[in-house]
Amino acid sequence: KMGIIYDAIGLIYLNTRSIDKALEYHKKALTIWRKNKDDIGAAIALSNMGNAYTMLKKYAEALVAYKESLTFSRKYNAESIQEKALSNIANVYFKQGFYDSIKQYSQESLEISKRLDDSISIAITQYQLAVYYFFRKDFGKSEALATEGFRISQRNNYTNSCHLNANIL
């Protein structure tokens with residue numbers, strides 16, 4: 001239970017932008033979950049650590065955390081964790097300007113998101129793929145994906161997603 005508590009405290013710090021404290025607590029959670037051989041718990045803590053590293057613009061560390069989270073989630077077929085890890089990896093590549101790396105991760109995340117009927121993740125990954133196709137100069141496909149992502153966001157009142165991603169294109 002302490003792993004859950006530490007990870008929850010880490011999320012509070014993450015949401016209040018106290019990133020160093022967030023990392024401290026996510027690392028504590030990870031240590032406990034690794035000690036208890038709880039790979040799903042470890043995958044969650046790693047994903048949250050990846051989010052913190054991304055906020056700090058420590059992209060190499062973020063990728064390591066997300067990819068380890070992805071490995072654990074695949075081992076146990078934890079698709080909800082997989083979809084987030086894949087999308088987060090694509091997001092880090094986007095932030096680094098490695099647009100060709102976006103497609104592989106976003107496409108797999110989109111497939112899982114559709115299976116799980118996770119509309120916000122569908123919208124986010126459609127935006128990511130829109131960015132990929134934009135930089136590949138396939139503007140028609142980019143616009144179609146961005147438009148569909150926007151429609152999903154509007155339909156579900158995901159205003160943050162709309163506003164954050166509307167500026168991409």
Side-chain angles (χ1 to χ4, degrees), residues 7 10-11 14-15 17 19 22 26 39-169:
D7 203 57
L11 287 172
L14 195 66
N15 288 321
R17 303 282 191 233
I19 311 304
H26 291 310
D39 292 343
I40 296 297
I44 293 167
L46 286 160
S47 181
N48 290 330
M49 287 170 58
N51 293 338
Y53 285 129
T54 299
M55 292 172 81
L56 292 170
K57 298 181 181 176
K58 293 184 176 183
Y59 299 128
E61 291 94 331
L63 284 172
V64 168
Y66 290 141
K67 286 182 178 183
E68 191 173 355
S69 175
L70 181 60
T71 298
F72 284 138
S73 62
R74 282 187 170 150
K75 180 178 176 183
Y76 295 97
N77 198 31
E79 286 193 317
S80 64
I81 300 170
Q82 282 179 55
E83 78 169 329
K84 301 295 186 278
L86 290 160
S87 179
N88 287 333
I89 291 167
N91 185 50
V92 170
Y93 285 133
F94 166 75
K95 288 178 180 290
Q96 292 178 303
F98 300 138
Y99 304 117
D100 286 337
S101 299
I102 294 172
K103 185 180 180 186
Q104 167 192 351
Y105 295 100
S106 293
Q107 190 63 50
E108 188 177 349
S109 179
L110 181 60
E111 291 166 13
I112 294 169
S113 298
K114 286 180 177 180
R115 275 198 306 273
L116 297 176
D117 196 28
D118 182 347
S119 59
I120 194 164
S121 292
I122 292 168
I124 290 168
T125 52
Q126 285 183 312
Y127 286 126
Q128 289 173 335
L129 287 167
V131 169
Y132 167 79
Y133 286 107
F134 180 84
F135 284 102
R136 301 293 295 167
K137 300 194 184 323
D138 188 341
F139 301 119
K141 190 158 191 161
S142 177
E143 182 179 3
L145 285 160
T147 300
E148 181 57 25
F150 184 77
R151 283 188 186 132
I152 291 169
S153 295
Q154 275 189 317
R155 188 171 47 244
N156 292 285
N157 200 27
Y158 301 141
T159 55
N160 287 343
S161 180
C162 290
H163 292 281
L164 290 173
N165 293 295
N167 294 326
I168 289 176
L169 304 175

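If you read the sequence from its start, that first residue is 1, and numbering goes on from there.
- Counting only N and O atoms by type, the side chains of Tyr132 and Asp138 include no donor and acceptor under 3.5 Å apart.
- Checking Tyr105 against Thr125 by side-chain atom types alone, no donor-acceptor pair falls below 3.5 Å.
- From Gln154, atom CD reaches atom CD1 of Ile152 across 11.5 Å, with rounding to the nearest 0.5 Å.
- A salt bridge links Arg74 to Glu108: one of the charged nitrogens lies within less than 4.0 Å of a carboxylate oxygen.
- The two atoms that bring Gln107 and Leu129 nearest to each other are OE1-CD1, 3.6 Å, heavy atoms only.
- A donor-acceptor contact shorter than 3.5 Å links the side chain of Ser113 to the backbone of Ser109.
- Here CD of Glu148 is found 12.5 Å from CD of Glu143. Values are rounded to the nearest 0.5 Å.
- Here the closest non-hydrogen pair linking Ala130 and Ser142 is O-OG, 2.7 Å.
- Proximity of a side-chain donor or acceptor of Ser106 to a complementary backbone N or O of Lys103 within less than 3.5 Å is not detected.
- Using a 4.5 Å heavy-atom cutoff, the side chains of Thr54 and Glu61 are not in contact.
- Closest approach of Tyr76 and Ile40 over heavy atoms only: CB-CD1, 3.6 Å.
- Distance alone, capped at 3.5 Å, places no donor-acceptor pair between the Ser69 side chain and the Ala65 backbone.
- A distance of 5.0 Å separates CG of Leu70 from CG of Leu86, quoted to the nearest 0.5 Å.
- Taking CG from Asn88 and OG from Ser47, the interatomic distance works out to 5.0 Å, rounded to the nearest 0.5 Å.
- Remark: the Lys84 side chain and the Ser121 side chain contain an N/O donor-acceptor pair separated by less than 3.5 Å.
- Closest approach of Val92 and Ala62 over heavy atoms only: CG2-CB, 4.1 Å.
- For the pair Lys58 and Tyr53, the NZ or CZ position fails the cation-pi test of under 6.0 Å to the six-membered ring centre and within 45 degrees of the ring normal.
- Scanning all heavy atoms of the two residues, the minimum distance from Leu14 to Ala22 falls at N-CB, 3.6 Å.
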Review point. Which is it for Ser80 and Leu116 under the side chain to side chain contact (heavy atoms under 4.5 Å, CB included) test, yes or no, and what are the steps along the way?
Key: CA-CA 8 Å; Ser80 64; Leu116 297 176; 4.2 Å; yes
Check your understanding: Tyr66 and Asn51: side chain to side chain donor-acceptor pair (under 3.5 Å), yes or no, with the steps?
Key -> CA-CA 8 Å; Tyr66 290 141; Asn51 293 338; 2.6 Å; yes
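- Nearest heavy-atom pair, Ala43 versus Ile81, reported as atom, atom and distance to 0.1 Å: CB-CG2, 4.0 Å.
- Between the CG atom of Leu11 and the CG atom of Asn48 there is a distance of 4.5 Å, given to the nearest 0.5 Å.
- Checked by atom type and distance alone, the side chain of Ser87 never pairs as donor or acceptor with a backbone atom of Glu83 at under 3.5 Å.
- The shortest side-chain heavy-atom distance between Tyr99 and Phe94 falls under the 4.5 Å cut-off.
- Between Asp100 and Arg136, some side-chain heavy-atom pair lies under the 4.5 Å cut-off.
- One finds the CD1 atom of Ile120 at 7.0 Å from the OG atom of Ser153 (value rounded to the nearest 0.5 Å).
- The closest donor-acceptor contact from the side chain of Tyr127 to the backbone of Phe150 lies under 3.5 Å.
- By the 4.5 Å heavy-atom criterion applied to side chains, Phe98 and Ile102 are not counted as neighbours.
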